[in-house]
Enquirer: 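First the structure, then my questions, so here it is.
Lettering of chains follows the sequences in order, A, B, ..., and the numbering in each one begins at 1. Side chains are part of it too, since the values below use all heavy atoms of this structure and drop only hydrogens, waters and symmetry mates.
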Number of protein chains: 2
Amino acid sequence: MQNTVPARRVEERMKHFQARASELGLAATHQRRIIYRVIAKSAEHPSPELIYERVKREIPTISLATVYKNIKTFAAMGLVGEVGALPGSIRVDANLDRHHHLVCVNCKAVVDFCDSRLDRVRAARANPENFRILRYQVEALGLCPACQVAPARNKVRTQRRKHNG
Amino acid sequence: MQNTVPARRVEERMKHFQARASELGLAATHQRRIIYRVIAKSAEHPSPELIYERVKREIPTISLATVYKNIKTFAAMGLVGEVGALPGSIRVDANLDRHHHLVCVNCKAVVDFCDSRLDRVRAARANPENFRILRYQVEALGLCPACQVAPARNKVRTQRRKHNG
DNA sequence: TGACAAACGATAATATTTATCGTTTAATAG
DNA sequence: CTATTAAACGATAAATATTATCGTTTGTCA
């Protein structure tokens with residue numbers, strides 16, 4: 001898979017990182033710069049473990065906890081996204097009919113969502129990676145009714161939450 | 001959130017379960033029937049832990065491992081789906097532009113996928129759960145080039161795999 | 001009944017993520 | 001320039017999530 005982000009774009013992202021950090025009064029430490037650069041350079045959606053491996057090549061003494069903490073910090077700053085909106089644990093679905101999902105970005109609730117127009121989603125062009133696409137699945141990300149009325153809860157959550165519908 | 005699957009549909013699913021199990025020569029044990037029924041009854045995409053809690057009310061001696069094993073078995077049989085195609089660990093993305101993802105259902109590789117038609121996806125109707133939808137994200141599920149040519153690897157995998165692009 | 005395989009339950013092991021806490025670093029006031 | 005202070009770091013324990021191991025039970029069939 002292609003994992004080469006053009007150097008020019010990496011530098012753009014580094015600039016954005018610096019700007020955003022100073023905006024928020026967040027120290028742009030050596031560790032943070034390296035961690036962010038590793039993420040900015042990879043187009044492969046790396047896991048924390050992989051990021052840790054690569055950062056260690058430049059800062060051998062770095063702690064895995066620092067990597068995790070800063071990934072979360074970057075996500076809260078809006079500097080990186082997390083792929084997929086779903087919670088950390090398996091969720092099972094007995095509904096085998098074609099359907100999509102409403103996902104609450106706050107509490108991670110998942111609700112089935114049947115919609116004929118979403119069933120007809122297709123890409124406009126062949127994908128450049130030569131995947132053989134079997135099906136499309138749409139996630140509608142938003143706020144469930146409970147989280148709409150409790151906006152205070154709608155902030156960054158580090159704690160794990162269990163099986164919440 | 002609504003978590004009541006009509007009794008009629010639950011019974012349909014139980015019939016399907018029995019049929020599929022005998023088709024595959026899989027014993028429809030008491031444990032399996034109860035586990036599957038718990039899943040079939042809930043529209044809330046339960047986690048293994050939650051399924052375990054509920055099954056325990058009927059079979060207090062059941063083991064969590066049995067629940068996990070059978071969830072995996074049911075998934076391999078095509079009796080239940082797992083919500084979301086992504087791997088167990090966090091994946092980070094420095095690309096903040098609007099984009100979608102190609103996901104390999106075999107090796108879980110994730111690749112960014114920009115497509116203008118997917119950007120315009122909208123539901124046809126208001127969603128019945130009154131979510132406030134903020135954005136739509138499309139996952140195109142399929143096989144990456146490597147997994148197309150290595151179909152032998154394309155079977156159920158129980159083992160965890162690490163950071164594979 | 002006896003042999004066999006499938007399934008189960010207990011539990012250890014592994015993987016993933018977060019929390020705790022003492023130390024270091026960096027920014028700033030004096 | 002030094003003292004103060006808060007932020008950040010590193011080490012590590014703890015919590016959570018998932019899978020593997022293994023001995024026992026159960027059901028099937030010769």
Enquirer: Tell me which nucleotide among D:dC9, D:dA8, C:dG9 gets nearest to the side chain of B:T61.
Expert: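 Nearest listed nucleotide: C:dG9.
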Enquirer: What's the CG-P distance between B:N70 and C:dC8, to the nearest Å?
Expert: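 In whole Å, C:dC8 P lies 5 Å from B:N70 CG.
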Enquirer: Could you check whether B:T29 gets within reach of a base, just the sugar-phosphate, or nothing at all, counting any heavy atom under 4.0 Å?
Expert: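 Contact class for B:T29: sugar-phosphate only.
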Enquirer: To the nearest Å, give me how far apart CD1 (A:I90) and P (D:dT16) are.
Expert: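 Answer to the nearest Å: 17 Å.
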Enquirer: Using a 4.0 Å heavy-atom cut-off, does A:A65 contact any base of the nucleic acid, only the sugar-phosphate backbone, or nothing at all?
Expert: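 The residue A:A65 makes base contact.
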Enquirer: Using whole Å, what does the distance between atom P of nucleotide C:dA19 and atom CG of A:L64 come to?
Expert: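 Rounded to whole Å, this separation is 14 Å.
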Enquirer: With no hydrogens and no angle check, do the side chains of B:R135 and B:Q137 hold a donor and an acceptor under 3.5 Å apart?
Expert: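 Side-chain D/A pair, B:R135 to B:Q137: present.
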Enquirer: Would you say D:dC9 has OP1 or OP2 under 4.0 Å from some side-chain N or O of A:S63?
Expert: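 A:S63 to D:dC9 OP1/OP2: no side-chain N or O under 4.0 Å.
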Enquirer: If only side-chain N and O atoms of A:Y68 are considered, is one of them under 4.0 Å from the OP1 or OP2 phosphate oxygen of C:dT18?
Expert: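 No, no such contact exists.
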Enquirer: Closer than 4.0 Å, any side-chain N/O of B:Q31 to the OP1 or OP2 of D:dT26?
Expert: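 Negative; the distance criterion is not met.
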Enquirer: Answer yes when A:E53 and A:R57 have at least one side-chain N-carboxylate O distance shorter than 4.0 Å, and no when they do not.
Expert: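 Looking at A:R57 together with A:E53, the answer is no, because their closest N to O distance does not fall below 4.0 Å.
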Enquirer: Take the protein atom CG of A:L50 and the nucleotide atom C1' of C:dT16, then report the distance between them rounded to whole Å.
Expert: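 Distance check: A:L50 CG to C:dT16 C1' gives 15 Å.
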